Structures are given as C-alpha cells and as structure tokens.
Colleague: 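I'd like to ask some things about the structure below.
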2 protein chains.
Amino acid sequence: MEQPSTPIDRVIVDAILAGRIRAGTRLGEQQLAALFGVSRTSVREALIRLEARGILQVSPRRGWFVIEPSLEEAQEAFQARCAVEMGILLAMKDIPPETIETLREHVRREREAIAGDDIGARSYLLGDFHVCMVEALGNRTLAEILRDLTARTVLISALYQSTHDATESCDEHERIVALMAAGDLAGAAALMVTHIGHVEAGLTRRIERDPLLDLRQALRLLPKGADAKQRP
Amino acid sequence: MEQPSTPIDRVIVDAILAGRIRAGTRLGEQQLAALFGVSRTSVREALIRLEARGILQVSPRRGWFVIEPSLEEAQEAFQARCAVEMGILLAMKDIPPETIETLREHVRREREAIAGDDIGARSYLLGDFHVCMVEALGNRTLAEILRDLTARTVLISALYQSTHDATESCDEHERIVALMAAGDLAGAAALMVTHIGHVEAGLTRRIERDPLLDLRQALRLLPKGADAKQRP
DNA sequence: GGCATCAGGCTTGCATACAAGATTTGGCGA
DNA sequence: TCGCCAAATCTTGTATGCAAGCCTGATGCC
C-alpha cells in the first residue's frame, strides 16, 4: 500500500487513535478546508479515502461523520482483529530477534505513557502495539488493515464504558512478547485472543452520548437530575 | 462498511476480479469520464477510493495504474489471506447450517463455470469463494477486507505463470466445505492454508509483460529468438 | 550521425462556481 | 401557546477552468 497519505488523513486518524475525536463527530468540508488552508477539493479527497477505509461515513448532503459502530459491527471488528492477529502468529515459522526487541521497546513506551498522564499517547500506544507487532512480523499489508480495524475498535471503546485497565493491557502485551520470545507462537496466539477478548468483555454498556454536552459545559449547566452541589 | 460504492468502482473491481483488466493497465480520468458519461470529478473520486483500497496507484501527473505487486507484496497478500481465513475459521465456534448450503451452492456454480468456457466467470467465482465463505460465516467486515486482498492476488496470478488448475481449486473448495460441514474447523483451516499455498506455489516464474505485445501481434512479428516456423 | 534543448500536447492537481437537497429559523394562524 | 408552513441558510454533489508537470517529437548544434 501507500504511505504518502496526505497530512489531512493522518491528522484525523491520529486524533481518532488518540481518542481526541469521538464516534459520531461531524467533520465539515468547509471547516477542515479553513483549518488546513486548502480548498474543499483536497479535504474531500481525504474524507473519501477515510470513508473507503471504513473510518468515516457520509450522509448525503448532511455531512461527514466518524462512524458509530453498532453492537454487531463492533463484534465483527473485534473478531476480525482476533482472526488477523491469531492468523499471522500461527502462520509465522520463526520470529526474527529484532522483532522481539522492537516490541519490548514498544511495551516500555507504553509503561512510560501509563506512568505519565498523557491519556492520548496511552490510548494510541496501546492500540498501536498490535499494528506494530504485525508490521514487525514483516507484513505491512496486514499492518495497514489492522491499523484501520484498530481505529474502529478505539471508537467503539469510547462508546462503551470500559472496565479494562491500561495497566492490565500492558501486562498482557508483555506476556505475549515473552511467549513470542520463547518461540511459543501458539501460546502467544492463544493469549492474544484472550487479551482481545478481555478488552471486548470490558465494554459493558453503551454510553449514550449527550448531544448537548458541549453547550452544557459552556454554559456551566448540569444534566437534569444531577446534584448541583457536586459542582466544583 | 458501505455498499453504495458508485457503479464506477464496482465495474473496475469486477473487471479486475474477472481478469479482464491486468496489472499495470492505465486508467485515464478523461477516458473513464467519457465512458461513464460523467465529469472527471466523479471518476476521480472512484479512483481515489480504489487507491485507498490498494487496488490502484497514482503516478503524479502521469496517470492512474492498476497495481503491479512486487514479489514481496505478492507474498504479503497471500500470507494475509492465509491469516485472515485461517483466523476466522479457528475463531468460529460453530457453523450455521445455511452457511454450508450457501457454500455448496457456490461450489456448484464454480463447476458450471468451469464446464462452460467463460474464463471471466470462472476466475471471478474461484476468488469469490473465499469472500463468500467469510461473509457466510457472518463477518462482513472481514469479507470486505478479503475482497480487496483477493483482487490483489488475482492481479498477481495474472502476472505469473500459473500451473494451478481451476478444477483442482474447485475440488479443494469442495473438500473444505465438507470439513466445515463435519464440524472439523481445525481441519478446514489447515486445508485452507494448504489450498492457498497450492495456488501461491502454482505461481512459478514471473511473466514479464511484453509492452510491445499488442503492437507485435498487430504487425505479426515474433519476439526475438522465437522460431519463425512455429507461427500458425 | 549523435546529442542536447525546447516547444507542444496531454495528463493530473487544485480551486472555484453553481446546483440540489437538508436543516433550521422565523412567522403566521388557530 | 402550540403546530404548521415557507424562506433562508448551510451542507454536500458535480462540473468546469486553469495551473503545473511529464512525455514526445522536432529542431539546431557539435
């Protein structure tokens, strides 16, 4: 595949991966054109690309929106990730040593991000581990596919209330790398499936996004029924 | 994902899947615009989508071309297909009975196409079996991914000299379905990997596409070194 | 003859203009 | 005060125009 990916694409995808843009967000052509200082045409091309990658969807004459996966689509995305990652692990004969080192380094950065308080970097790195793994295993094609699937699962995670801890995920990543280093690919694959299952299981009930949230915050209003005394 | 996929996309992808368009073919914007009776803008959007799907690539100010996978990319594509299909089979708990029937019907159509002489339909159906399988297993997301990967491998197959017979492929499809029907998913997955391996192994040496082929045929000239007496 | 140079045509890249539809807003009447 | 209808506004969809770069072919020079 191709990397040139105009800046606009990257910026949007990165923002999604870091959790700065949530599912359902509207992305206006005019708006983005002004922000990037280009014409609507270029913006539109980027949006079309992202639509083809299953990250955005367009509602005719209404606007472009970040996808809001249904429960069914969410399950498909997780299953797809499971299949891809298990598949690549089982299909590998042996693992190049530098792959292990790359992944260990990645886990190290995850720990740093968790220790710090950059929620964006943390979210990004935890998702990127899987992309990184497949790429380090030598298959860029699958890595690209996984990147888009990851974007989808990140959006899903933000839609649901997650009980899965970042530290837990990081620990599991570390154990997966350890199994790979030991040459136990079947074990690594199995743990990977379990790991993704954990993340998926952590998504309990859907959070209905309050469409008035931004306005409410701007006006310093609390949702109906909230205790006013809780306000700082 | 979305199906609306403007006609232009579908027509081009179908043509590739049926082997009517080969790797390296140039697709001019103006040319397509005239053919479809729309402006360059719409054509361009379709081409951009196909580029994002890894089927086309654009050479700045030179034109749009159907991808010509390198040996490395070819291997990645086959490995990706292996991983995805093995992964989904191993991830399934049980197979809905109607899935089996759908696939049996598909194999039946493959046999018909092989008996007939519609090379395009034959090529299309043999590739579509895999997409069909994943979709019948209930994962449209993965099916979409697989469709694009299949397009890539079809292009690759046309670039290489294939020794793998259509009948052989169809037989293997039938055996895979039989294993699935028997509930032996691990066996089906293993056979699937073997099957894809067969197809990949069938691609022996690269056929260097002769850029002068059309002209040569028009002029009734033979490649240098060929025995002139062999000409019909 | 061989080679460098340059003009012309053809391609995509990008911006703009206008058309069509959806949404919101404002006004009117019951 | 509520409901309904129409205009105004804002959105994307599509076409067109011009700029910029690549390739071809001709020309002139060595």
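The chains referred to below are lettered A, B, ... by the order of the sequence lines, with proteins before strands, and numbering in each begins at 1. Keep in mind the model is a prediction, meaning the values are calculated, not measured.
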Colleague: When you match A:Glu45 and A:Pro60 each to their closest nucleotide on DNA chain C, which lands nearer the 5' end?
Modeller: A:Glu45
Colleague: Hey, mind stepping through B:His195 and B:His130 against ring-ring contact (aromatic ring centres under 6.0 Å, His included) and telling me if it holds?
Modeller: CA-CA 11 Å; B:His195 166 56; B:His130 301 260; 5.3 Å; yes
Colleague: If you round to the nearest 0.5 Å, how far is CG of B:Leu50 from CD1 of B:Ile8?
Modeller: 9.5 Å
Colleague: D:dA15 C1' sits how many Å from B:Gln30 CD, rounded?
Modeller: 12 Å
Colleague: Minimum heavy-atom separation for B:Arg53 to B:Arg152, with atom names?
Modeller: O-NH2, 3.7 Å
Colleague: Main chain of A:Thr153, side chain of A:Ser157: is a donor-acceptor contact present, judged purely on distance under 3.5 Å?
Modeller: yes
Colleague: Whole Å only: how far is the CD atom of A:Gln31 from the C1' atom of D:dT9?
Modeller: 16 Å
Colleague: Measure from CZ on B:Arg26 to P on D:dC22 and round the result to the nearest Å.
Modeller: 15 Å
Colleague: Check every nucleotide of DNA chain C for an atom under 4.0 Å from a heavy-atom of chain B, then give the first and the last such nucleotide from 5' to 3'.
Modeller: C:dT11 to C:dG13
Colleague: D:dT12 P sits how many Å from A:Arg62 CZ, rounded?
Modeller: 11 Å
Colleague: How close or far is atom C1' of D:dC10 from atom CZ of A:Arg61, stated in whole angstroms?
Modeller: 13 Å
Colleague: What are the two closest heavy atoms between A:Asn139 and B:Glu76, and how far apart are they?
Modeller: ND2-O, 3.3 Å
Colleague: Measure the distance from CD on B:Glu29 to P on D:dA15 and round it to the nearest whole Å.
Modeller: 13 Å
Colleague: Provide the closest heavy-atom pair for A:Val131 versus A:Ala143 in the form atom of the first, atom of the second, distance.
Modeller: CG1-O, 3.8 Å
Colleague: Is there a donor-acceptor contact under 3.5 Å from the side chain of B:Asp118 to the main chain of B:Ala121?
Modeller: yes
Colleague: Do any of residues 37-44 of chain A sit with a heavy atom less than 4.0 Å from DNA chain D, and if so which?
Modeller: A:Arg40, A:Arg44
Colleague: For A:Arg109, is there an ion pair with A:Glu112 - N to carboxylate O distance below 4.0 angstrom?
Modeller: no
